[in-house]
Every structure is written in structure tokens, then in C-alpha cells.
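Report on the following structure.
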Protein chains: 4
Amino acid sequence: MEGPLTIPVLDKGFVRLVDQMGDDRAIVQAARVSYGEGTKTVREDAALIDYLMRHRHTSPFEMVVFKFHVKAPIFVVRQWFRHRTASVNEISGRYSILKEEFYEPEAFRKQAKRNKQASEGALLDEEALALLRKVEQEAYGAYRALLEKGVAREMARMVLPLNLYTEFYWKQDLHNLFHFLKLRLAPEAQWEIRQYARAIAEIVKERVPLAWAAFEEHLLEGAFLSRTEL
Amino acid sequence: MEGPLTIPVLDKGFVRLVDQMGDDRAIVQAARVSYGEGTKTVREDAALIDYLMRHRHTSPFEMVVFKFHVKAPIFVVRQWFRHRTASVNEISGRYSILKEEFYEPEAFRKQAKRNKQASEGALLDEEALALLRKVEQEAYGAYRALLEKGVAREMARMVLPLNLYTEFYWKQDLHNLFHFLKLRLAPEAQWEIRQYARAIAEIVKERVPLAWAAFEEHLLEGAFLSRTEL
Amino acid sequence: MEGPLTIPVLDKGFVRLVDQMGDDRAIVQAARVSYGEGTKTVREDAALIDYLMRHRHTSPFEMVVFKFHVKAPIFVVRQWFRHRTASVNEISGRYSILKEEFYEPEAFRKQAKRNKQASEGALLDEEALALLRKVEQEAYGAYRALLEKGVAREMARMVLPLNLYTEFYWKQDLHNLFHFLKLRLAPEAQWEIRQYARAIAEIVKERVPLAWAAFEEHLLEGAFLSRTEL
Amino acid sequence: MEGPLTIPVLDKGFVRLVDQMGDDRAIVQAARVSYGEGTKTVREDAALIDYLMRHRHTSPFEMVVFKFHVKAPIFVVRQWFRHRTASVNEISGRYSILKEEFYEPEAFRKQAKRNKQASEGALLDEEALALLRKVEQEAYGAYRALLEKGVAREMARMVLPLNLYTEFYWKQDLHNLFHFLKLRLAPEAQWEIRQYARAIAEIVKERVPLAWAAFEEHLLEGAFLSRTEL
Ligand SMILES: Cc1cc2nc3c(=O)[nH]c(=O)nc-3n(C[C@H](O)[C@H](O)[C@H](O)COP(=O)(O)OP(=O)(O)OC[C@H]3O[C@@H](n4cnc5c(N)ncnc54)[C@H](O)[C@@H]3O)c2cc1C
Ligand SMILES: Cc1cc2nc3c(=O)[nH]c(=O)nc-3n(C[C@H](O)[C@H](O)[C@H](O)COP(=O)(O)OP(=O)(O)OC[C@H]3O[C@@H](n4cnc5c(N)ncnc54)[C@H](O)[C@@H]3O)c2cc1C
Ligand SMILES: Cc1cc2nc3c(=O)[nH]c(=O)nc-3n(C[C@H](O)[C@H](O)[C@H](O)COP(=O)(O)OP(=O)(O)OC[C@H]3O[C@@H](n4cnc5c(N)ncnc54)[C@H](O)[C@@H]3O)c2cc1C
Ligand SMILES: Cc1cc2nc3c(=O)[nH]c(=O)nc-3n(C[C@H](O)[C@H](O)[C@H](O)COP(=O)(O)OP(=O)(O)OC[C@H]3O[C@@H](n4cnc5c(N)ncnc54)[C@H](O)[C@@H]3O)c2cc1C
């Protein structure tokens with residue numbers, strides 16, 4: 001690794017590559033255990049990786065692992081941690097006093113008309129941000145007041161809103177990382193988590209270019225047709 | 001199943017048994033596949049289950065599955081969903097307007113002196129609850145105001161505090177459920193999640209009495225001694 | 001459940017449904033936790049299940065669980081147990097004396113010319129089966145002789161060939177069961193494991209007809225087109 | 001990594017370290033995300049790792065990953081692959097012709113009298129090995145004959161016995177690797193897989209000495225006392 005790689009996300013968050021095990025060659029190496037052949041040219045490696053992705057031979061992609069340090073708002077992290085194949089270590093709000101750092105969007109989005117689970121277009125309203133800020137101040141003030149009274153940190157934090165930033169380490173193998181990206185780069189995913197998915201994609205793309213190209217071609221930008229659509 | 005079984009937890013939450021696959025006999029049945037013997041008396045079943053638990057033969061316990069419907073505050077659910085071996089479906093704050101229901105403790109606990117990650121004793125302070133309530137009102141008011149302005153639900157919810165209630169279905173096999181209980185019934189676990197663990201324990205105990213007895217004897221109330229303590 | 005349902009597979013194997021948690025309604029029920037709506041008509045249930053499958057909302061399918069008792073040759077089981085999301089209990093060759101039961105195919109298949117990992121066409125050769133039988137006899141005879149000498153069962157079994165039958169319990173949630181079927185019903189899967197996948201498919205289809213229809217339409221018989229194929 | 005590290009196991013097998021992500025410091029680093037403190041002295045790192053192991057804070061140990069190349073007999077691999085938290089790539093007997101390499105023990109062990117699932121003592125019998133060798137020759141001869149007839153590799157291999165060697169890549173995080181070692185170093189585990197566990201233990205001990213010391217102290221050589229034993 002050529003030193004840590006950090007990408008800012010949202011107003012105060014980031015994604016930082018902490019460690020990596022294996023690259024494109026590790027995928028090929030593992031696949032060749034199955035097929036019993038030695039190392040080949042880059043061109044042959046690319047073709048093999050493409051073949052594996054196309055035919056959903058996912059196990060060799062599990063042989064590559066990424067570890068990130070992430071800072072993100074709690075409502076994003078709640079979506080993130082539903083992916084159960086990763087390993088996680090998050091800052092403890094029971095152990096530490098949480099910092100006064102909140103996600104404040106550049107623009108608010110409107111509720112989508114058709115899709116009940118989505119947003120669309122920008123909302124031009126100057127009061128919205130003011131409302132958000134007021135809650136942040138009120139909440140963090142109450143948090144501090146409770147701590148000063150001697151309330152346990154684990155209880156005091158109850159007043160903090162879901163746009164508070166938190167931090168965690170996230171370790172994920174490449175197969176499940178692609179699965180995460182497929183779901184979280186999609187337009188149905190909430191805009192905020194999509195920004196994190198993009199930052200991770202940027203790093204992964206640079207680190208495993210052949211695997212990324214295969215993922216883009218066969219999974220990310222492909223389409224599944226149902227029987228009656230064929 | 002003799003109809004749903006609901007146990008109230010905290011001020012507005014609950015744990016409700018939705019479904020169950022297998023009971024004590026299913027553990028025995030699966031274990032006897034390995035050992036190749038038929039059904040026996042209850043006494044022999046109890047002895048076998050005890051043996052399996054004592055020797056950490058965990059796979060037969062995976063053959064029993066429980067499904068619960070749970071209502072709990074978000075900060076509790078954040079701890080809960082770190083257990084990755086379960087299946088989960090949670091209410092969507094992107095899809096639905098979240099209800100004005102907050103966890104309000106009967107008493108606040110003090111920050112523990114020795115253990116940085118714990119609480120101890122009751123805090124006698126009438127203002128604490130008032131502070132909490134003020135944040136709830138402010139936050140929910142802002143939530144409603146943002147929604148009225150047309151802000152997307154997925155964004156508006158950002159202002160809501162961590163003591164807001166949410167609901168989810170939770171499906172877990174008995175081996176991992178016992179692991180969850182071992183960690184979340186322990187005194188180191190936050191008091192609030194311990195109340196949920198107790199409610200689940202109560203249901204499980206009634207449903208798989210032999211497995212429960214073995215769990216209590218060999219895992220829950222046993223103790224691990226390190227080499228130098230032996 | 002209306003009593004156990006057993007389907008014979010290969011010459012001496014079978015798949016038997018042991019237990020089931022939830023059916024089509026359980027999928028709908030879990031999905032409606034997320035979307036916050038009550039029970040509906042069967043037609044609406046079918047539409048919701050179809051929607052969930054089409055959009056790969058897989059978590060509600062995890063809420064349904066099947067448990068099977070299976071008897072299959074070891075080389076099939078070796079492929080089967082690579083699926084890690086299931087729970088398994090297999091008969092122990094360390095504990096019990098393994099029975100003299102071998103898989104003997106009705107016909108041998110030829111090595112495929114193009115696909116190095118496949119077979120094609122029937123091989124008309126009377127000696128093939130005789131060769132197989134000779135090994136079985138020799139091997140089982142040696143097994144018995146070793147046992148008689150007092151060799152531990154765990155060692156004596158080393159001589160037994162991969163077409164020996166074994167038995168196990170297999171518990172799997174419906175999402176991962178569909179994934180198993182997608183991979184093991186495919187023409188690339190070995191013919192023998194495909195017969196087991198078919199038997200399981202038959203049972204599942206009957207038990208969760210709406211989920212099966214959605215699976216068939218959107219996953220099993222659909223096709224993934226890559227970017228450049230679109 | 002200072003070059004590959006290979007340890008011979010049994011008569012023809014081996015364990016070879018292929019790659020590693022993180023070492024003792026990575027455990028500390030992840031734990032300190034939770035507790036929000038910086039890097040410390042080796043002594044403090046050792047104390048923290050010991051604390052984490054003692055209190056079963058397992059998530060930081062998941063942040064370290066090992067990848068091995070293993071050659072082992074099929075009956076050992078059958079036990080190995082029951083551990084589902086690893087990633088695996090094994091040589092394909094459908095794709096390649098399997099080599100004539102069989103595990104031949106230096107000595108045969110007797111069936112244990114008390115423990116039905118164990119062996120004990122050496123069996124002094126010159127015929128046992130001869131019996132084993134005869135089956136190997138017969139079986140491999142039949143394998144070759146079937147292949148020559150044009151039988152598909154996936155079918156021909158059915159005649160091969162369980163002591164045939166196979167090879168695979170195995171990627172596992174340190175927490176689950178310790179769990180594997182706890183189970184497979186134990187006297188109840190079959191002697192053959194114990195030799196593999198020892199080889200892995202030797203490598204891991206050298207690579208993460210602090211974590212190993214904590215594992216040995218608190219898990220491997222500790223003892224669990226049941227409630228009534230306390
Ligand atoms: C008192 C207490 C304090 C805590 N403090 C913190 C804290 O400060 N910071 C923090 O981040 N967390 C904290 N946690 C959470 C803790 O780190 C675990 O995430 C949580 O307890 C779930 O435990 P688990 O991993 O054993 O359970 P599960 O996720 O249910 O896993 C059970 C077992 O399955 C296997 N497994 C399942 N999924 C995977 C996977 N993806 N990869 C590898 N193995 C897997 C492992 O063997 C695991 O032990 C705390 C927990 C407790 C009880
Ligand atoms: C746009 C969008 C909307 C969503 N809306 C909702 C919602 O309204 N409500 C809601 O609850 N969730 C919602 N989710 C979350 C979703 O249900 C999944 O929990 C989440 O996307 C993680 O996906 P996963 O299970 O495939 O990933 P992972 O947990 O990483 O699992 C990957 C694969 O591993 C296997 N696996 C891992 N762990 C287990 C296990 N314990 N049991 C069985 N198999 C396992 C499965 O095959 C799984 O597909 C939404 C997700 C998206 C992307
Ligand atoms: C001495 C000995 C004798 C044995 N005898 C038999 C026998 O006779 N018959 C037999 O069938 N097996 C036998 N086993 C195998 C045993 O039942 C386990 O399958 C094996 O030891 C793997 O252990 P594990 O499940 O803890 O490991 P992993 O599969 O690595 O799992 C680690 C942890 O992760 C979680 N986890 C991972 N995957 C899942 C999942 N899909 N669902 C739920 N939780 C999951 C669980 O918490 C689990 O404890 C024996 C094992 C030993 C050591
Ligand atoms: C036609 C065919 C040919 C094959 N050839 C070979 C071969 O030559 N060599 C070979 O080694 N294998 C081969 N396999 C096996 C294949 O590599 C998979 O191991 C097997 O199909 C199981 O698939 P799975 O991992 O998707 O399933 P599961 O293990 O059930 O996993 C389902 C999903 O859960 C998640 N998951 C579960 N456990 C883990 C974990 N421990 N770590 C990370 N994610 C996890 C992943 O998202 C995974 O996709 C072949 C399979 C098929 C169908």
C-alpha cells in the first residue's frame with residue numbers, strides 16, 4: 001500500500017483505506033487452485049477474472065479483503081450495518097463522549113411522488129436547515145447538561161439525533177463488497193449512503209482494476225431480465 | 001404454538017413470539033442423525049441435550065429457530081443488529097412516517113466510576129427527564145415541520161433522537177440466540193438491552209425447557225477460568 | 001405440515017421434508033413490517049412477493065425456513081456443504097459403522113469435449129459399472145477387515161470411496177435455498193446434485209407456491225445481460 | 001511477509017501461509033476505534049489484547065485475516081469445511097485429473113473403548129497398511145480405466161477413497177481461526193486434523209504472538225466450569 005488513501009464524503013465524513021489483502025492476482029491465484037494452472041499474462045488474468053464474474057464464480061473474489069475507516073452519520077450507518085458479512089468496530093457512545101458533529105446537507109430533497117421510499121428534486125426552503133440546526137443545538141446542549149449532572153454516557157446519548165457522525169472500521173471481502181456496492185450505488189439507495197458507496201468504489205476500482213472492470217460489465221451495469229421479458 | 005406471546009419491555013416496547021421451528025426434541029433428533037439412534041425417553045433427551053451443551057456441540061441447537069416481533073428504541077436496536085447471524089426486517093423510515101414514541105426511563109443511572117463503559121446507581125434529578133422530553137418535542141416538531149415542507153421522509157428523520165422507538169422482525173437459531181443472551185444478559189450489557197434479553201429468555205425458557213436448563217448450567221451461569229486461574 | 005414428504009433420489013438416496021417455518025404469508029408478513037401495512041388478499045400477496053423477488057429484496061425470504069433429511073453420496077455432499085449459510089448435522093463415521101450402500105449410476109456420462117468441468121452423452125460400456133462394483137466390494141471388504149482388527153472407525157473409513165452414501169439434516173432459509181437451487185439446478189452443476197436440487201425444488205414449490213413462481217420468473221429462468229449485451 | 005512459510009503435515013500434506021492482513025497491532029488499532037485512543041507501547045498493546053480475549057471482545061480479532069494453501073486427505077477436508085466462516089477454493093475433480101496421492105498413516109490407532117467417537121493406542125498389525133494400499137491401487141486403477149473409457153472425470157472420481165489428497169486455499173479471520181483451533185486442537189478431534197491444526201497454530205503463533213498468548217491463556221488452556229462445578 002502506498003500510504004493511506006482518504007476520500008471526503010458529505011460535509012464532515014470520510015472513507016479511508018486502512019489495509020488490503022490481495023489484489024487482482026490473488027483472485028486469479030485462488031481460481032487457479034481449482035483449475036490447477038500456473039500464473040499467466042495480465043491479459044489472460046483479465047479474461048479469467050471476467051469469466052469468473054460473468055459466471056458468478058464468486059469464491060475467488062472472497063480471497064481479496066479490504067479494510068476501511070469510515071466516518072458517517074448514524075442514519076447511514078444503520079443502513080450500512082445491515083450487511084452482515086463484514087467485520088465492524090465502531091466507536092462506543094458508552095465509553096466516550098460523542099463529538100458535536102452533525103451532517104448538514106447542502107440541499108434538502110423532496111419526497112418522491114411515485115416511489116414511497118425515495119426522494120427527488122431539491123427543496124428550496126431556507127428554514128429547513130435552520131430547523132435541523134436548532135434540533136442539533138438543543139440536543140447536544142441537553143446531552144452536555146445530562147453528562148454534567150452525572151448521567152451515564154450510555155443514557156445521555158439517547159437525546160442525540162440520527163444525523164450525528166460516528167466512526168468505524170469496516171472489513172469486507174471483495175465479493176460481498178461488490179454486493180454492497182451493487183445495492184448501495186443503485187438509485188433506490190438513499191443519496192447519502194450512495195456517496196459513501198461511490199468513495200469506496202473509487203478506491204476499489206484503483207486497487208483491483210480488473211475485478212472492477214468485470215464487476216462493472218457484468219453486475220453493476222448489466223440488467224436482469226425476467227423470463228417473460230426474454 | 002398456543003397463540004402469540006407478548007411481553008412488554010421498557011415503557012412502550014415489547015417482545016412478541018411470532019413463530020418457532022422445532023423444540024427440545026428437534027435438537028435431540030438432529031443430534032441422533034450424527035449418532036444414529038432413535039427417539040428416547042424425556043430423561044435421556046435431557047441428558048443428551050445437557051451433554052451437547054456441555055461439550056459445545058452447537059450444531060444441533062441451530063436446528064431450532066425462533067422469530068420475534070420487537071419494538072425497541074433505536075439505541076438498543078443499534079446494539080442488537082451487531083449480531084449478524086440473524087435475519088431482520090425493520091420498519092422503514094424512508095417509507096413510513098415514524099410515530100412520536102420515545103423511550104423515557106423511569107430513572108436515570110449515573111456514569112460508573114471504575115468501568116468507563118457502564119452505569120451505576122440511580123441519579124436523583126428531576127430535571128433530567130424534563131431535558132429529555134424537551135428534546136423529544138423539539139425534534140418531533142421539527143420532523144413534522146420538515147415533512148410539511150415536503151422534505152423527503154428519509155431526510156426529515158435525521159432530526160429524530162436515538163430514543164425513538166422502532167419495530168422489527170428478528171429470526172434467529174437457538175445456538176446464536178443463546179450466544180446473544182449470554183452477551184446481552186451479562187451485567188456489562190447496557191441495562192435497556194438487558195431488559196429485552198430477559199423477555200426473550202423468558203419465552204425461550206418456556207419453549208425449550210431442556211435446552212434452557214443446559215444453557216443456564218453450562219454457559220450462562222458457568223465461568224471460564226484462564227490457564228493461570230486453574 | 002401434513003406428515004413427512006419423501007422423494008427418492010438416485011438409486012438409494014432421498015430428500016425428506018422434516019420441518020418448515022412459515023410459508024408465503026410469512027414473507028408478506030415480514031415485508032409488511034417494513035412497509036407498515038396489514039394483511040391483504042392472496043392476489044396482493046402474490047404481487048408483493050413478485051415485487052420483492054424482482055427487486056431482490058431478499059430479507060423477507062430469509063424469514064421462511066426449511067429442514068430436510070437427505071441421503072446422498074459423499075461426492076454430492078462435498079459440493080452441497082460448500083453452501084455455508086445452512087445448518088447441518090451429518091452421521092458420524094467416527095461414531096457409527098457406515099453401511100454398505102453405494103451410488104451406482106444407471107448410465108455413465110462421457111467427458112464433455114468443450115467444457116472441461118462437465119459431462120455429456122451416455123457412455124455405452126458394460127465394464128464401467130463392473131469396475132465400480134469391484135472397487136466398492138474391495139473397499140468395503142477392507143473396511144470390515146480393518147474394523148475387525150480393531151482399527152478405529154475414524155481410520156478404517158479412509159478406504160471407502162466417494163460414492164458411499166451418507167445422511168444429514170439440512171436447515172436452510174428460503175433466500176439461500178433459492179440461491180442453492182439457482183446454482184445447483186443449472187446445467188453446469190453435476191447431474192447427480194441436480195437430481196437432489198430437483199427434489200428439493202419439488203417440495204419447496206408445493207410449500208411456498210407464490211415465492212416459487214416469483215423465483216422461477218425472476219431468477220431461475222431469467223437471464224442476466226452484461227452491459228455490452230444490453 | 002518474509003516469504004512463504006510451509007509446514008509439512010502427515011505423509012504428503014502441508015500447510016503454507018499465502019497471505020496475511022494485519023498483525024497484533026491491527027487488533028489494537030481496531031479496538032481503539034471503539035475506545036477512541038491512539039497507539040501505545042507494546043506492553044500496553046499486550047495488556048489490551050489480553051483484556052479483549054479475556055472478556056470475549058471478539059470483533060477486533062476479526063480484523064486480522066490469514067490465507068493458507070493446504071494439502072490434506074479428503075476425510076480431513078470434510079471435517080475442515082464444516083467451518084462455515086472461511087472462504088475456500090478447492091481443486092476441482094470435475095476439471096482436473098486427480099493425482100495418485102493417498103494418506104498412509106505411520107501407525108493405525110485402535111477404536112477407543114469408552115468414547116465411541118475416538119481412537120486410542122497404536123495397533124500393531126502389519127496387514128492393515130497392506131489392506132489400505134490394496135484398496136488405493138485398485139481404486140486408482142479403476143479411476144484410470146474409467147477415464148480411458150471416456151467416462152467424465154466427475155463420475156470416474158467416485159471410486160476414489162477418502163484418504164486421497166486434495167488441495168485448497170483457505171482464508172479465515174483470526175477470531176474464527178482461533179475457534180477452529182480450539183475445536184480442532186482438542187483431544188476429541190481426530191488425530192489427523194489435529195496435525196493440521198498444529199501446523200496452523202505454529203504459523204499463527206509466530207505471526208500474532210500477543211494474540212496467541214492471550215488465546216492460549218484464556219481459551220485454549222483455560223476451562224469452563226458449569227454452575228454446579230463452581
Ligand atoms: C458489553 C458489550 C460491549 C460492546 N462494545 C462494543 C464497542 O465498543 N464497539 C463495537 O464496535 N462493538 C461493541 N460490541 C459489539 C460486539 O463487538 C459484537 O459486534 C456483538 O456483540 C455481536 O457479537 P458476535 O459477533 O459474537 O455475534 P454474531 O454477529 O451473531 O456472530 C456470532 C458468531 O458468528 C460468526 N460470524 C458471524 N458473522 C460473521 C462475519 N461477518 N465474519 C466473521 N464471523 C462471523 C463469528 O464466529 C461470531 O462470533 C459490544 C458488545 C457487548 C456485548
Ligand atoms: C434500497 C434498499 C431498501 C431497503 N429497505 C429496507 C427496509 O425497508 N426494511 C429492512 O428491514 N431492510 C431494508 N433494506 C435492507 C436489506 O433488507 C438488507 O438487509 C441489506 O441490503 C443487506 O443485504 P444482504 O442481506 O444481501 O447483505 P449481507 O448481510 O452482507 O448478506 C449477503 C448474503 O450473505 C448471506 N447471509 C449473510 N448473513 C446471513 C444470515 N444471517 N442469514 C442468512 N443469510 C445470510 C445471504 O445470502 C446474503 O444475501 C433495504 C436495502 C436497500 C438496498
Ligand atoms: C470433535 C468434533 C466432533 C464432531 N462431530 C460431528 C458429528 O458427529 N456430526 C456433525 O454433523 N458434525 C460434527 N462436528 C462438526 C460440528 O458440528 C461443527 O459443524 C463444526 O465443528 C464447525 O463448528 P462451528 O459451527 O462452530 O464453526 P463455523 O461454521 O466456522 O461457525 C462459527 C460460528 O459462526 C456462526 N455461524 C456460522 N455459519 C452459520 C450459519 N450458517 N448459521 C448459523 N450460525 C452460523 C455460529 O455462531 C458458529 O458458532 C464435530 C466437530 C468436532 C470438533
Ligand atoms: C457449477 C459449479 C462449479 C464449482 N466449481 C468449484 C471449484 O472448482 N472449486 C471450488 O472451490 N468451488 C467450486 N464451486 C463451489 C462454489 O465456489 C461455492 O463455494 C458454492 O457454490 C457455494 O456458493 P455460495 O458461496 O454462493 O453459497 P453460500 O456459502 O451459501 O453463501 C451464500 C452467500 O452468503 C455469503 N457468505 C456466506 N458465507 C460466507 C463467508 N464465510 N464469507 C463471506 N461470505 C459468505 C456470500 O455473500 C455468499 O454469496 C462450484 C460451484 C458450482 C455451482
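Quick note on labels: first sequence line is chain A, next is B, and so on, each numbered from 1. Keep in mind that the numbers below use all heavy atoms, side chains included, and drop hydrogens, waters and symmetry copies.
In terms of heavy-atom proximity, B/V135 sits nearest to A/E138 at CG2-O, 4.0 Å. Heavy atoms only, all atoms of each residue included: B/A152 and A/A118 are closest at CB-O, 4.5 Å. Across all non-hydrogen atoms, the minimal contact from B/M158 to A/P105 is CE-CD, 3.9 Å. Nearest heavy-atom pair, B/K149 versus A/L123, reported as atom, atom and distance to 0.1 Å: O-CD1, 3.2 Å.
Only the side chain of B/I74 comes within contact range of chain A, with heavy atoms under 4.5 Å apart. Heavy atoms of A/R109 lying under 4.5 Å from chain B belong to its backbone as well as its side chain. With a threshold of 4.5 angstrom between heavy atoms, B/A112 does not approach chain A through any atom at all. Looking at A/P73, there are no atoms closer than 4.5 Å to chain B (heavy atoms on both sides), in backbone or side chain. Interface remark: B/Q79 contributes side-chain atoms only to the contact with chain A (heavy atom separation under 4.5 Å). At a 4.5 Å heavy-atom cutoff, A/Q137 makes no contact with chain B through either its backbone or its side chain. In this structure, chain B has a heavy atom under 4.5 Å from the backbone of A/A107, while its side chain stays farther away. Interface residue A/L132: backbone and side-chain heavy atoms are both found under 4.5 Å from chain B. Residue contact with chain B, scored on non-hydrogen atoms closer than 4.5 Å, is absent for A/A156. With a 4.5 Å cut-off on non-hydrogen atoms, A/E192 touches chain B through its side chain but not through its backbone.
Top candidate by heavy-atom pairs under 4.5 Å with chain B, chosen from A/V88, A/V77, A/T85, is A/V88. With chain B as the partner, the residue from A/N115, A/L146, A/L160 showing the most heavy-atom pairs under 4.5 Å is A/L160. For chain A, the option among B/E120, B/K134, B/H83 with the highest count of heavy-atom pairs below 4.5 Å is B/K134.
B/S87 contributes atom OG, which lies 5.5 Å from atom CZ of A/R84 (distance to the nearest 0.5 angstrom). In this structure, B/R157 CZ and A/Q190 CD are separated by 5.0 Å, a value rounded to the nearest 0.5 Å. Expressed to the nearest 0.5 Å, how far CZ of B/R82 lies from CD of A/E90 amounts to 6.5 Å.
Considering B/E154, B/R153, B/M155 as possible partners of A/Q111, the one that fulfils the side chain to side chain contact (heavy atoms under 4.5 Å, CB included) test is B/R153.
In this structure, the side chains of B/L131 and A/V159 stay at 4.5 Å or more apart for every pair of heavy atoms.
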